[in-house]
A.B. asks: 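One structure follows; several queries about it will come next.
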2 protein chains.
Amino acid sequence: MARTPPTKPRKNALQARSRATVDALLEATARILVREGFEKTSTNRIAEVAGVSVGSLYQYFPSKEALVAAVIERHNEEIMGIVRAALVEVADLPIDKAVRKLVTVAIEAHRVNPKLHRVLAEQIPRTGQLADVEAFNREVHTLVRSYLESRRKEMRKVDLDVATFICVSAIEAVAHNTVLNGAEMLSEKVVKVLVDETTRLVVGYLR
Amino acid sequence: MARTPPTKPRKNALQARSRATVDALLEATARILVREGFEKTSTNRIAEVAGVSVGSLYQYFPSKEALVAAVIERHNEEIMGIVRAALVEVADLPIDKAVRKLVTVAIEAHRVNPKLHRVLAEQIPRTGQLADVEAFNREVHTLVRSYLESRRKEMRKVDLDVATFICVSAIEAVAHNTVLNGAEMLSEKVVKVLVDETTRLVVGYLR
DNA sequence: ATATAATGCGAGCATTCGCTCGCTTTTCCT
DNA sequence: AGGAAAAGCGAGCGAATGCTCGCATTATAT
């Protein structure tokens, strides 16, 4: 039942040259995904753009899916880094300040590479990365939940899991839709209004 | 120009048989998208599952994308019907009652065919249906906005477009995530809690 | 310097896929 | 009944894709 192609690296890159090759391949994959779409993202094309031969590509990635999976992981790790840092920074702040910061960060995180974010979101189910993305969501949920728990005295009585689910969904949706709609032409003023309003939405809900 | 005897009603351009063929093709496409994924959704396979030949398929749909697009349109129309009806029904209700109804309907609409909804959402960019989906979003936005406008006296002072954007995003996200996470195993009790909480979120925000 | 391992190459195989075209069968209309 | 139009058929073409394999080049160790 080997329904999904293997996604683990075929071998580890040891020497500097091979590490550069791997990097070029990942870079090329992300670039093609964004600029030409998933359809045009063939292994031959990736190798061509990376300035590497197909043979070399297959020395490091056992399948096309493995390549996409690696790009997804890299991107997720980048975003998770931002989110984790924000939650640490926010740990001792009262709810209103904390929510404002988290909303701001959510929008920023989506703005890092909106087009890649979008393409990846579309391709995730097909690369067998569902498990990883669920882990990602669970981590966010856990972190936010534990913050809310520490601030329970400022809140009304609610089921913490439900409240976390509602808040994370709402914030994520505003960030996501904002970036999708406005693309890159988001004035700072508009962003500020959205942050204000989303903060109000969430803070008003929590207490 | 001989006159046609008025003894019989005019026949439709499409005969019953061909309408059945088109239907079978759409049904098969949706079915394969859900059960086997986009990768396996080939025109040959669609024809096979529909019990129709590839040649016949191409008599009605000029390309694979056209088929997927037709499925998307059908699905969107179904959902828009539900949403429109709900907004009519809600037009004379106060905000708290109206929001509750809309949240309920949003979750219901997502539950109609969650897996198809998901696959289609992923494939939209690929089928060049982005414009149609944006039209869909715009209609929802317009309808919700005009409801809010009619109830402005119950609300605090807000930019209507921003408020609409925030509310629609939040409600849609909760519905979407609820269905994605819980799949089909959603007890009525859990749904009720989520409706209550989301209603509180949105109503609290609006006033 | 030599041997061994690591890395890189790219033509081409096997397969899949979207789609066409010449033909047959069914339905409609007098 | 008979002819025309509508609907249906499916083998197969051409293009594209993922991937392999035998060989060439470069780095490392002795």
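Residue numbers start from 1 in every chain, and the chains themselves are labelled A, B, ... in the order their sequence lines are given, proteins ahead of strands. Quantities reported herein were computed from a predicted structural model and do not represent experimental measurements.
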A.B. asks: Check B/R145 with B/E139, please: is the shortest side-chain N to carboxylate O separation under 4.0 Å?
C.D. replies: no

A.B. asks: Mark up nucleotides 24-30 of chain D, 5' to 3', with B wherever a protein heavy atom is under 4.0 angstrom from a base atom, S wherever such an atom reaches only the sugar-phosphate, and - elsewhere.
C.D. replies: --SSS--

A.B. asks: Do the charged groups of B/E48 and B/R45 touch, with an N to O distance under 4.0 Å?
C.D. replies: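 Yes, this pair counts.
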
A.B. asks: Ion pair present between B/E36 and B/K115, side-chain N to carboxylate O less than 4.0 angstrom?
C.D. replies: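 Result for this pair is no, no salt bridge flagged.
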
A.B. asks: Starting at CD1 of B/I72, measure out to CZ of B/R74 and round the result to the nearest 0.5 Å.
C.D. replies: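 Going from CD1 on B/I72 over to CZ on B/R74, the span is 13.0 Å.
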
A.B. asks: May I ask you to evaluate whether A/S18 reaches the phosphate of C/dA6, defined as a side-chain N or O under 4.0 Å from OP1 or OP2?
C.D. replies: no

A.B. asks: Do A/T21 and A/S18 get their side chains close enough for a donor-acceptor pair, meaning under 3.5 Å?
C.D. replies: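 Judged by distance alone, the side chains do not pair up.
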
A.B. asks: When the distance from OH of A/Y60 to C1' of C/dG8 is rounded to whole Å, what number comes out?
C.D. replies: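 Atom-to-atom, A/Y60 to C/dG8, this comes out as 8 Å.
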
A.B. asks: Among residues at least two apart in sequence or on other chains, which ones pass ring-ring contact (aromatic ring centres under 6.0 Å, His included) with A/H110?
C.D. replies: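 Counting only residues at least two positions away or on another chain, A/H110 forms a ring-ring contact (aromatic ring centres under 6.0 Å, His included) with A/H117, A/H176.
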
A.B. asks: I need the NZ-C1' distance between B/K64 and C/dT16, as an integer number of Å.
C.D. replies: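 Rounded to the whole Å, the gap is 11 Å.
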
A.B. asks: Tell me the interatomic distance from B/Q59, atom CD, to D/dA7, atom P, rounded to whole angstroms.
C.D. replies: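 From B/Q59 CD to D/dA7 P: 8 Å.
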
A.B. asks: Give the rounded distance in Å between these two atoms: CG of B/D23 and P of D/dA7.
C.D. replies: 15 Å

A.B. asks: Looking at A/E77 and A/R84, does any basic side-chain N land under 4.0 Å from a carboxylate oxygen?
C.D. replies: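 Here A/E77 pairs with A/R84 in a salt bridge, since their nearest N and O are under 4.0 Å apart.
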
A.B. asks: Do A/C167 and A/L206 touch side chain to side chain, with heavy atoms closer than 4.5 Å?
C.D. replies: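 The answer is yes; the side chains approach within 4.5 Å.
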
A.B. asks: Decide, yes or no, whether a salt bridge links A/D196 with A/R200 under the criterion of side-chain N to carboxylate O below 4.0 Å.
C.D. replies: no

A.B. asks: Write down the distance between OH (B/Y58) and C1' (C/dG22), rounded to a whole number of angstrom.
C.D. replies: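 Atom OH in B/Y58 sits about 18 Å away from atom C1' in C/dG22.
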
A.B. asks: Sugar-phosphate means primed atoms, P, OP1 and OP2; the rest is base. With that split, encode nucleotides 10-15 of chain C 5' to 3' as B, S or - using protein heavy atoms under 4.0 Å.
C.D. replies: BB----

A.B. asks: Looking only at side-chain N and O atoms, does A/T43 come under 4.0 Å of OP1 or OP2 in D/dC19?
C.D. replies: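 Result: no.
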
A.B. asks: So what does B/F61 touch, heavy atoms closer than 4.0 Å: a base, only the sugar-phosphate, or nothing?
C.D. replies: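 Contact class for B/F61: none.
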
A.B. asks: Round to a whole Å and report the spacing from CD of A/E65 to C1' of D/dT17.
C.D. replies: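 So the CD-C1' distance, A/E65 to D/dT17, works out to 12 Å.
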
